[in-house]
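Predicted model, so just to flag it, every value in this text is computed and none were measured.
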Amino acid sequence: AKNHTKAEITVQDEGIGMSSSYIEKLMVEDHLPLKKGTSNEKGTGLGLILCRKFIHINHGQMTVNSTEGKGTEFIVNLPLAHAKA
């Protein structure tokens, strides 16, 4: 979605989901506990941490909605650059 001030990007999956305590850690910590994915693959959470940091650097916001066992929705809002004459 796009309006005159921001772009909104939504990404959803049907993976293992995240608990509210894991989401809280994701939003503030620089490393996360190892977690196994839908095929028992190991995940470090590094990708999510990097996304959070890049979004912050670009003055954006990330919202995470998740239900364990059902999946996760990530909503990213980034400000649009305005062309100057």
Check whether [X] and [Y] end up in the same hydrophobic cluster, where Ile, Leu, Val, Met, Phe, Trp and Tyr are linked by side-chain heavy atoms less than 4.5 Å apart.
X: Tyr22; Y: Phe74; answer: yes
X: Ile23; Y: Val76; answer: yes
X: Phe54; Y: Leu46; answer: yes
X: Leu48; Y: Leu78; answer: yes

* **Nearest heavy atoms of Ser66 and Met18, plus distance in Å** =>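 For Ser66 versus Met18, the nearest heavy atoms are OG-N, 2.7 Å.
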* To do: Could you tell me which non-hydrogen atom of Thr72 sits nearest to which non-hydrogen atom of Gly17, and how far apart they are?
  =>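 Nearest heavy atoms, Thr72 then Gly17: OG1-CA, 3.5 Å.
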* Asked: Between Thr10 (side chain) and Ile75 (backbone), is there a donor-acceptor pair under 3.5 Å?
  ->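 No, because the side chain of Thr10 does not come within donor-acceptor range (under 3.5 Å) of the backbone of Ile75.
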* Asked: Taking side chain as C-beta onward, heavy atoms only, is Thr5 less than 4.5 Å from Leu80?
  ->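 Thr5 vs Leu80: side chains apart.
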* Asked: Should we say atom CD of Glu73 is surrounded by more than 12 heavy atoms from elsewhere, each under 6.0 Å from it?
  ->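 Counting other residues, nucleotides and ligands, CD of Glu73 exceeds 12 neighbours.
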* So Met27 and Val64, side-chain contact (heavy atoms from CB on, under 4.5 Å) or not? Walk me through it. -> CA-CA 9 Å; Met27 295 305 197; Val64 181; 3.5 Å; yes
* Which pairs with one or both residues in residues 52-66 pass salt bridge (Lys or Arg N to Asp or Glu O under 4.0 Å), sequence neighbours excluded? ->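 Applying salt bridge (Lys or Arg N to Asp or Glu O under 4.0 Å) to every pair that reaches into residues 52-66, excluding sequence neighbours, yields Asp30-Arg52, Asp30-Lys53.
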* Which residue pairs pass the salt bridge (Lys or Arg N to Asp or Glu O under 4.0 Å) test with at least one member in residues 13-22, sequence neighbours excluded? ->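 Not a single pair qualifies under salt bridge (Lys or Arg N to Asp or Glu O under 4.0 Å).
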Calculate, to the nearest 0.5 Å, the distance between atoms [atom1] and [atom2] belonging to [X] and [Y] respectively.
X: Asn77; Y: Met62; atom1: CG; atom2: CE; answer: 11.5 Å
X: His56; Y: Cys51; atom1: NE2; atom2: SG; answer: 14.5 Å
X: Ser19; Y: Leu26; atom1: OG; atom2: CG; answer: 10.5 Å

